S.K.: 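Sending over a structure as structure tokens; questions will come in a sec.
Below, read A as the first sequence line, B as the second, and so on, with proteins coming before strands; counting in each chain starts at 1. Here the structure is a predicted model, which means the values were calculated and not measured.
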Number of protein chains: 2
Amino acid sequence: MRVLVVEDDIELQGQLSRMLEHSGFQVNLAADGQEGLYYATDYDIDVAIIDLGLPKMDGLELINRIRDKDLDFPILVLTARSGWRAKVQGLDSGADDYLTKPFQPEELMARVNALLRRASGKTHTKIVHGPLALDLKKKTVLNGDLEMDLTAFEYKVLEHFMMHPKVIVNKARLVDCLYDYNEEKDSNVIEVIIARLRKKLELQAKFKPIETLRGRGYRFNPDNHDGSG
Amino acid sequence: MRVLVVEDDIELQGQLSRMLEHSGFQVNLAADGQEGLYYATDYDIDVAIIDLGLPKMDGLELINRIRDKDLDFPILVLTARSGWRAKVQGLDSGADDYLTKPFQPEELMARVNALLRRASGKTHTKIVHGPLALDLKKKTVLNGDLEMDLTAFEYKVLEHFMMHPKVIVNKARLVDCLYDYNEEKDSNVIEVIIARLRKKLELQAKFKPIETLRGRGYRFNPDNHDGSG
DNA sequence: GAGACCATTAATTTGCGATTAAGCCAATCA
DNA sequence: TGATTGGCTTAATCGCAAATTAATGGTCTC
């Protein structure tokens, strides 16, 4: 198992590599984002530990570049910022877990192992239906050759649809995709998002996969190239 | 819907069960992990609320035992620890959501409901009677090879029939399938829906499975390929 | 054969969903 | 820090499918 460590703090670097090697990992050390990207590309990495605060290339940018190259090893983010926002941002951008500095060595090892375990069971990170190709890691969707420009909400709804094709999904369930917790009754968020999604889907590829089933919900049916919904 | 609550704090126990019962749930109360496991095993639980800090058997262990027994109802974890670690641990171990104490009653109810919505999509059961195949997950019905185009009401009635074949169902019971609350007397909704359903069933496959039992109700009998109703 | 019960169709009403636009909030940038 | 942008939210309107009601005719039971 090969671990890529991208960390500019020399002391922490040494600490990490000692711990990891002690647990039987091969370790690649990089001190900045550029170097990190080089290793990520040219070595067969199983898991990466990336510090967010890096010289030359920011940690988040590094993650984006890695995912852009379709490298899908799991990424553990190290962050000094303890703010909630920074964390979510990290996970949204293609990272799989994060750890706030300072941390206990055992916790880091536990998380690395957990990521490897999870990764071994994960087969497909891409879902393809018709002209649409969704990348769960990168959180992007290609419509034909073009990458769709989706908002966070549009993406969440489309992801749910593509993970549950040909299933009638009621609106309450779709609302669950958007908010952690929400029991609001009189809102038409879903209708609005569906409308925008349809527009974007149709724009690029005359593709009308979202059917309406009045009173029952919506259904994603990639076979509808003409659209009955 | 039956909820299992595993909580050792008597006061919180009472609070929870009051809330849940008020929302129309059946509630099983357990004060420790052992008791919880007993209820989980012997009752048909739809969703469980489990406190992590429990006497006799730790909440996490309870969850593990439940999952080991292949019981797959959704689990909501309550935790006093506010650390991210405890939460991740809970989710990794087979829980589906968590809530940090103290919490707002509405939030708990919202999450329980969200879990139930999510779970309802997991049952990939198909019910087949004669030429009809109903997919509970997709909420669609195939009549022969063709998918039936059903309205929300028609689907609800047909689903009930197919889940209770050869049983006489009176009209009041069918009305309950359509509305949450309804005490209306003089309406012929059911007759109208039955008529439309029959038409659609017959249209595609000359199939007349809905019998009328005058004064008693209706009966779905998939054996009637000629139709005695 | 009278009356209750049901089937069927047609007419009416309702309320869902589509769509648009304006308001609002937060993140980003100057 | 104030301005700007982009995206989420809310509201209002409109068309239409579906639900409801009503009316008529059929059928079973006693």
S.K.: Once you round it to whole Å, what is the distance between P of dT8(C) and CD of Glu154(B)?
M.R.: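 Rounded to whole Å, this separation is 14 Å.
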S.K.: Below 4.0 angstrom from OP1 or OP2 of dT9(D), is there any side-chain N or O of Tyr179(A)?
M.R.: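 Result: yes.
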S.K.: Taking OP1 and OP2 of dA7(C), is either one under 4.0 Å from a side-chain nitrogen or oxygen of Thr212(B)?
M.R.: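 Checking Thr212(B) against dA7(C): at least one side-chain N or O falls below 4.0 Å of OP1 or OP2.
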S.K.: Can you tell me if the side-chain N/O atoms of Lys199(A) get under 4.0 Å from OP1 or OP2 in dT20(C)?
M.R.: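 Affirmative; the distance criterion is met.
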S.K.: Tell me whether Asp72(A) is salt-bridged to Arg67(A), with the criterion being a basic N under 4.0 Å from an acidic carboxylate O.
M.R.: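 No, this pair does not count.
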S.K.: Any N or O donor-acceptor pair under 3.5 Å from the base of dC16(C) to the side chain of Arg214(A)?
M.R.: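 Such a pair exists between side chain and base.
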S.K.: Using 4.0 Å as the upper bound for N to carboxylate O, is an ion pair formed by Asp97(B) and Arg111(B)?
M.R.: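 Judged by the 4.0 Å cut-off on N to carboxylate O distance, Arg111(B) and Asp97(B) do form a salt bridge.
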S.K.: Could you tell me the separation between the CG atom of Asn188(B) and the P atom of dT20(D), rounded to a whole number of Å?
M.R.: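 In whole Å, dT20(D) P and Asn188(B) CG are 10 Å from each other.
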S.K.: Rounded to whole angstroms, how far apart are CG on Leu197(B) and P on dT8(C)?
M.R.: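 These atoms are roughly 12 Å apart.
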S.K.: Any side-chain N or O of Lys171(A) below 4.0 angstrom from OP1/OP2 of dC16(C)?
M.R.: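 No, because none of the side-chain N or O atoms of Lys171(A) sits under 4.0 Å from OP1 or OP2 of dC16(C).
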S.K.: Please state how far atom CZ in Arg196(B) lies from atom P in dA18(D), giving the value in whole angstrom units.
M.R.: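 Atom-to-atom, Arg196(B) to dA18(D), this comes out as 9 Å.
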S.K.: Does Arg198(B) put a side-chain nitrogen or oxygen below 4.0 Å from OP1 or OP2 of dA7(C)?
M.R.: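 Yes, Arg198(B) has a side-chain N/O under 4.0 Å of OP1/OP2 on dA7(C).
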S.K.: Does the side chain of Tyr218(A) get closer than 4.0 angstrom to OP1 or OP2 of dC16(C) through an N or O atom?
M.R.: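 False: Tyr218(A) side-chain N/O out of range (4.0 Å or more) of dC16(C) OP1/OP2.
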S.K.: Quick one: Phe153(B) CZ to dG15(C) C1', roughly how many Å, whole number?
M.R.: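 These atoms are roughly 11 Å apart.
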S.K.: Look at the side-chain N and O atoms of Thr151(A) and state whether any lies under 4.0 Å from the OP1 or OP2 oxygen of dC8(D).
M.R.: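 Thr151(A) to dC8(D) OP1/OP2: side-chain N or O found under 4.0 Å.
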